[in-house]
Amino acid sequence: MQGMTGSFQLMKSLNRSLVLNIIRQHGPISRTDISKKASLTHPTVSNIVAELTEEGIVREGQVGESRGGRKPMLLSIYDDHSYVIGVDVGTGQLRVGLTNLRADVKEIRTQKFPEGMQESEFLELLIRTIRELLDSSSVERSKVLGIGVGMHGIVDVEQGVSIYAPHFGYRDIPLVEILGREFKLPVKMENDARCSAIAERWFGSAQHYNNIVCINVGEGIGAGVIVDGKIFRGRHHIAGELGHMIVDLNGRRCTCGSYGCLETVASGIHIRERVLHDLTLGRSTMMLKMVDRKEEITGEVIHEAARSGDVFAQEVLAEAGRFLGLACTNLINTMNPDKIIFTGGVMAAGEYVMGPLRHLIRHRALTKEAQQTEVVLSELGTNSAMLGAVTLVLQEIFEVEG
């Protein structure tokens, strides 16, 4: 009898998540249409909807079109029923946001990481920023469902451990345990680039695609890979470490210890280093007139110079684009994804990077169809990894496993 009760509760929970997700994806929607999409009886759907309405997470709103009888009342998610904290730990800065159930950002805080930051300093900064966000928000603490974390580097999702953050040199940080103990909330963690891919699948331009690669190009380079609608992590959690794809056997040493990695030729750090190196050699550029000292040249300065017609700035961005195009061509020939989406600070340069990138794919991918693979810039902007971190918690509510 106990086993039957457990099975019943499980089925009830699965049906509840199924109904919630259908309302999330297709709302406003009628009970009848939910029944059809979920393959559940009308009484079952009505009972679940009654529970969800009583809890306040689902609301009845506008009246639908009549199909011969009474006009149905349409159901939708009450987006401000609950909230989620999303954390994006990048290589250069921390981004912490509070969103509702639709991932609308209600409040956000950013903190730049100091150079040479020790692990203890990182944890202190992380905890302090989350606490400040919670304390300053008008949202009741009881309405916060959990914390999602997108962490730079290699992550063990099941154990909740940051295995290796190469930019910082940190190893084996039990972030989920630390944050859960500190804030008494459920915590979910994933690699930051994978978070961006999840965000694209839920809220971005990949909502109707099952096989995508989302590539983040900032100070480092990483990718989130979704295959058949599910995140692909690989056996040792390193799937998507595109920045460490070797593109030049005789190239420069990378922070990972190898040589000729993509990050050494196309990351934000490399682009700036390339500019400073060539300026030391006497290269002429208007960038020197845009700053007081050459050390003040940033990615934004390089992009602005390119827009103003600076040939050197355009050359540097185009070279990065070609190397990224080479990496994409290898991905296309290996995985054949439906779509590739780019995000990250370097991609703010737009066509100065994307033009050479797409050109290389069109001339190097294996078939004509592969050469036409859709390659686009993210519409979610700088918040993509943070929104993906939020989605880690939302999945627990809306997604049906199995």
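Everything quoted here is computed from the prediction, not taken from an experiment.
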Original post:
Who pairs with E351 by salt bridge (charged side-chain N to carboxylate O under 4.0 Å, His left out), at least two apart in sequence or on another chain?
Top reply: R358
Subject >> Within residues 150-169 or reaching into it, pairs that qualify as salt bridge (charged side-chain N to carboxylate O under 4.0 Å, His left out) - sequence neighbours excluded >> reply: none
Original post:
Using 30° and 60° as the class limits, which term best fits the ring planes of F168 and F113: parallel, tilted or perpendicular?
Top reply: perpendicular
**OP:** Please indicate whether E54 has more than 12 foreign heavy atoms, meaning atoms of other residues, nucleotides or ligands, lying under 6.0 Å from its CD.
**Re:** no
**OP:** For the pair R293 and E296, evaluate salt bridge (charged side-chain N to carboxylate O under 4.0 Å, His left out) and give the outcome as yes or no after the intermediate values.
**Re:** CA-CA 6 Å; R293 299 180 300 113; E296 296 174 0; 3.7 Å; yes
Original post:
Looking at residues at least two apart in the chain, or sitting in another chain, which of them share a side chain to side chain donor-acceptor pair (under 3.5 Å) with T334?
Top reply: none
**OP:** Give the intermediate values and the outcome of side-chain contact (heavy atoms from CB on, under 4.5 Å) for residues R201 and N210.
**Re:** CA-CA 8 Å; R201 188 97 187 336; N210 284 326; 2.5 Å; yes
Subject >> Inter-residue atom distance R59.CZ - S76.OG, 0.5 Å rounding >> reply: 8.5 Å
Subject >> Any donor-acceptor pair under 3.5 Å from T391 side chain to L394 backbone >> reply: no
Original post:
Taking the side chain from Q207 and the backbone from G204, do they hold a donor-acceptor pair closer than 3.5 Å?
Top reply: yes
Subject >> Test item: side-chain donor near acceptor, D104 and T99, under 3.5 Å >> reply: no
Subject >> side-chain hydrogen bond (donor to acceptor under 3.5 Å, both in side chains) assessment of T32 paired with S35 >> reply: CA-CA 5 Å; T32 299; S35 298; 6.0 Å; no
Subject >> Counterpart residues, salt bridge (charged side-chain N to carboxylate O under 4.0 Å, His left out), relative to R102 (two or more places apart) >> reply: D79
Original post:
Under the salt bridge (charged side-chain N to carboxylate O under 4.0 Å, His left out) test, which residues partner R31, sequence neighbours left out?
Top reply: E60
**OP:** Output every pair passing salt bridge (charged side-chain N to carboxylate O under 4.0 Å, His left out) with a member in residues 313-340, not counting sequence neighbours, ordered by first then second residue.
**Re:** R274-E319, R283-E315, K339-E374
Subject >> Test item: R95 side-chain N/O and Q111 main-chain N/O as donor-acceptor pair under 3.5 Å >> reply: no
Subject >> Stepwise ring-ring contact (aromatic ring centres under 6.0 Å, His included) test for F122 and Y170 >> reply: CA-CA 10 Å; F122 161 67; Y170 305 157; 5.7 Å; yes
**OP:** Please list all pairs passing the salt bridge (charged side-chain N to carboxylate O under 4.0 Å, His left out) test where one or both residues lie in residues 251-268, with sequence neighbours left out.
**Re:** R252-E273
Subject >> pair V213-P337: side-chain heavy atoms closer than 4.5 Å >> reply: yes
**OP:** Quick one: closest heavy-atom pair of L74 and P28, and the distance?
**Re:** CB-CB, 3.7 Å
Original post:
Do D310 side-chain atoms and M286 backbone N/O form a donor-acceptor pair below 3.5 Å?
Top reply: yes
**OP:** List the steps, then state whether side-chain contact (heavy atoms from CB on, under 4.5 Å) holds for T129 with L133.
**Re:** CA-CA 6 Å; T129 307; L133 180 74; 5.8 Å; no
Original post:
Between I198 and I226, what is the shortest heavy-atom contact and its length?
Top reply: N-CD1, 4.3 Å
Subject >> Donor-acceptor contact present, side-chain E190 to main-chain G150, <3.5 Å >> reply: no
Original post:
If you measure only the distance, is there a donor-acceptor pair under 3.5 Å linking the side chains of E219 and S267?
Top reply: no
**OP:** Take V157 and R233 through the test side-chain contact (heavy atoms from CB on, under 4.5 Å) and record every step on the way to the result.
**Re:** CA-CA 9 Å; V157 173; R233 300 184 179 91; 3.3 Å; yes
Original post:
Quick one: do the T280 and K294 side chains pair a donor with an acceptor below 3.5 Å?
Top reply: yes
Original post:
Does the side-chain contact (heavy atoms from CB on, under 4.5 Å) test come out yes or no for M354 and L377, once each step is laid out?
Top reply: CA-CA 8 Å; M354 291 293 284; L377 292 172; 3.9 Å; yes
Original post:
Taking the side chain from K143 and the backbone from H81, do they hold a donor-acceptor pair closer than 3.5 Å?
Top reply: yes
Original post:
Can any side-chain N or O of H152 pair as donor or acceptor with the backbone N or O of D192 at less than 3.5 Å?
Top reply: no
In residues 179-187, what donor-acceptor pairs under 3.5 Å come from side-chain atoms, sequence neighbours left out?
| unit_1 | atom_1 | unit_2 | atom_2 | d |
| --- | --- | --- | --- | --- |
| R181 | NH1 | E177 | OE2 | 3.2 |
| E182 | OE2 | R131 | NH2 | 2.3 |
| K184 | NZ | R181 | O | 2.7 |

Original post:
Looking at CD of E121 and CZ of R128, how far apart are the two atoms once the value is rounded to the nearest 0.5 Å?
Top reply: 10.0 Å
**OP:** Step by step, work out the salt bridge (charged side-chain N to carboxylate O under 4.0 Å, His left out) result for E55 and R16.
**Re:** CA-CA 13 Å; E55 292 170 18; R16 177 187 167 102; 2.5 Å; yes
Original post:
Does any donor atom in the side chain of T298 or E300 lie under 3.5 Å from an acceptor atom in the other side chain?
Top reply: yes
Original post:
Hey, is the main chain of L380 close enough, under 3.5 Å, to the side chain of S378 for a donor-acceptor pair?
Top reply: yes
Show me, pair by pair, the donor-acceptor contacts under 3.5 angstrom made by side chains of residues 364-372, not counting sequence neighbours?
| unit_1 | atom_1 | unit_2 | atom_2 | d |
| --- | --- | --- | --- | --- |
| T367 | OG1 | A370 | N | 3.0 |
| Q371 | NE2 | A365 | O | 3.1 |

**OP:** Output yes when a side-chain donor or acceptor of S137 lies under 3.5 Å from a complementary backbone atom of L134, and no otherwise.
**Re:** no
Original post:
How would you list all residue pairs meeting salt bridge (charged side-chain N to carboxylate O under 4.0 Å, His left out) that involve residues 375-389, not counting sequence neighbours?
Top reply: none
Original post:
Is the side chain of N216 donor-acceptor paired with the backbone N or O of A193 at a distance under 3.5 Å, no angle test?
Top reply: no
Original post:
How about I238: does its CD1 atom have over 12 heavy atoms from other parts shown lying under 6.0 Å from it?
Top reply: no
**OP:** Name all residues meeting the salt bridge (charged side-chain N to carboxylate O under 4.0 Å, His left out) criterion together with R307; count only those two or more places apart in sequence or in a different chain, and write none if there are none.
**Re:** E304
Subject >> Q314 CD to S308 OG distance, which is reported to the nearest 0.5 Å >> reply: 9.5 Å
**OP:** Taking all heavy atoms of A306 and all of L317, pick out the closest pair and write down the distance.
**Re:** CB-CD1, 3.8 Å
Subject >> Results of side chain to side chain donor-acceptor pair (under 3.5 Å) for T91 - residues two or more places apart only >> reply: none
Original post:
How far does CZ of R109 sit from CD1 of I85, to the nearest 0.5 angstrom?
Top reply: 11.5 Å
Original post:
NE2 of H42: more than 12 outside heavy atoms within 6.0 angstrom?
Top reply: yes
